[in-house]
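Source: prediction; values computed, not measured. Computed from heavy atoms alone, side chains included, the values below leave out hydrogens, waters and symmetry copies. A note on names: the letters A, B, ... follow the listed sequences, proteins ahead of strands, and every chain is numbered from 1.
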Number of protein chains: 2
Amino acid sequence: MKKLTQSLEDYLEAIYVISLTSKVIRVKEIAKFLNVKTPSVVDAVGRLTERGLVIHEKYGYLELTGKGYELAKEVNDKHEKVYKFFNEVLGVSDNISKKDACNIEHYISKEAMDRMIKFTRFVDTCPEGYPEWLKNFNYYAKHGRHPSNCTKNNVSK
Amino acid sequence: MKKLTQSLEDYLEAIYVISLTSKVIRVKEIAKFLNVKTPSVVDAVGRLTERGLVIHEKYGYLELTGKGYELAKEVNDKHEKVYKFFNEVLGVSDNISKKDACNIEHYISKEAMDRMIKFTRFVDTCPEGYPEWLKNFNYYAKHGRHPSNCTKNNVSK
DNA sequence: GTTTATAGTTAGATAAATCTAACATTTTTA
DNA sequence: TAAAAATGTTAGATTTATCTAACTATAAAC
């Protein structure tokens with residue numbers, strides 16, 4: 001099946017995210033979540049319905065189909081993972097990480113995503129806790145030079 | 001002035017990149033570079049001209065204005081930097097890094113860009129050469145576990 | 001220097017994504 | 001339960017970005 005547009009992915013993800021905390025899903029909620037007007041939502045939901053990703057009872061509630069749920073979860077997973085990488089590894093602020101993740105999630109390749117996920121996990125599972133080299137990076141980012149203890153702590157032979 | 005769309009940024013960047021290796025710039029070149037048809041280029045160039053970023057003699061050559069050049073360079077710089085980060089730090093393959101950079105360049109925030117640039121430089125200027133921890137990451141990415149020498153080499157106290 | 005080939009342009013179509021304004025349905029409430 | 005409020009839908013407009021087909025201008029070749 002043809003790939004979803006960025007916009008449709010956003011709508012699908014919004015429905016998914018809303019469903020995590022809300023019992024029912026309405027057009028108005030989606031509009032609020034995405035900062036668009038309700039006719040835009042109706043339009044998008046129509047297109048998602050055509051593709052069998054959403055079920056929408058007229059004037060009533062919305063639901064993801066199985067396929068819709070899976071796709072939505074996939075998109076949202078990417079979002080979460082890009083966010084984590086930006087925030088935890090690169091040290092980008094919370095808000096900006098979220099915003100960037102929201103855009104990038106639609107475009108990043110499987111391969112890059114995989115490396116980001118692994119990188120984040122590499123940091124998170126570091127045997128020594130928060131890795132020394134990442135401390136050193138933060139120092140470098142702040143001061144523009146490697147800390148004096150850098151060589152010592154990282155030399156391998 | 002209003003932000004350029006992704007598409008217009010692509011056209012502008014294309015013109016810039018072509019100008020690096022080609023004496024003159026033509027509609028056809030741009031079309032080839034971006035894999036679109038010439039009417040699309042004419043249209044886009046028209047919009048770039050309206051914004052004072054490009055000069056186009058009818059049936060003739062194209063040129064970037066000063067402002068256009070600056071903007072194009074900015075966009076292309078982002079491209080280069082995202083590419084480098086993905087390729088050199090994350091270890092994403094050449095081709096995919098390029099493709100991803102091409103998309104992401106339009107969306108990434110100044111802050112995240114800044115951190116990526118610094119991260120790449122942090123790696124490149126590492127006093128010990130290619131850093132041990134990055135070798136460890138590559139090991140981790142390949143085998144799914146930290147190398148046995150990991151703790152030793154990175155412990156700080 | 002005409003003809004032919006190449007390149008560029010215009011016109012008109014289509015699709016996505018948004019909006020406002022008007023209308024319809026449901027739900028709430030007095 | 002009838003009026004009012006809230007929510008949802010439709011219709012129609014706008015912008016961007018593409019395309020194809022038809023036309024026009026410039027360059028090349030003979």
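Protein atom CZ of B:R26 is 19 Å distant from nucleotide atom P of C:dA5, rounded to whole Å. Atom C1' of nucleotide C:dG8 and atom NZ of B:K28 are separated by 11 Å, given to the nearest angstrom. Atoms CG (A:L48) and P (C:dA16) sit 12 Å apart, rounded to a whole Å. We find that CG of A:L34 is positioned 15 Å from C1' of C:dC19, with the value rounded to whole Å. Note: CD (B:E50) to P (D:dT15) measures 11 Å, nearest angstrom. In this entry the distance linking NE2 of B:H56 with C1' of D:dA25 reads 12 Å, nearest Å. In this entry the distance linking CD of B:E57 with P of D:dA27 reads 10 Å, nearest Å. Between the OH atom of A:Y61 and the P atom of C:dT25 there is a distance of 19 Å, rounded to whole Å.
Rounded to the nearest 0.5 angstrom, B:E105 CD and B:K78 NZ are separated by 8.5 Å.
With a 6.0 Å radius and a threshold of 12 heavy atoms from other residues, nucleotides or ligands, A:Q6 has its CD atom above the threshold.
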Protein-nucleic acid N or O pairs under 3.5 Å, nucleotides 16-19 of chain D:
residue, atom, partner, partner atom, Å
D:dA17, OP1, B:T5, OG1, 2.4
D:dA17, OP2, B:T5, OG1, 3.4
D:dA17, OP2, B:R47, NH1, 2.1
D:dT18, OP2, B:S7, OG, 3.0
D:dT18, OP2, B:Y11, OH, 3.2
D:dC19, OP2, B:K37, N, 3.1
D:dC19, OP2, B:S40, OG, 2.3

Exercise for review: Show your working on side chain to side chain contact (heavy atoms under 4.5 Å, CB included) between B:Y11 and B:V36 and close with a plain yes or no.
Suggested key: CA-CA 10 Å; B:Y11 282 102; B:V36 296; 3.7 Å; yes

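Close to C:dA7, at under 4.0 Å from its OP1 or OP2, lies no side-chain N or O of B:K58.
In the set D:dG8, C:dG8, C:dT9, D:dG8 carries the atom at the smallest distance from any side-chain atom of A:Y59.
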With a cut-off of 3.5 Å and sequence neighbours excluded, list every side-chain donor-acceptor pair involving residues 16-29 of chain B.
residue, atom, partner, partner atom, Å
B:S19, OG, B:Y16, O, 2.6
B:S22, OG, B:V24, O, 2.9
B:R26, NH2, B:Y59, O, 3.4

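Between the side chain of A:T65 and the backbone N or O of A:G52, at least one donor-acceptor pair lies under 3.5 Å.
In the model, A:N103 has no side-chain atom that pairs as donor or acceptor with a side-chain atom of B:H106 under 3.5 Å.
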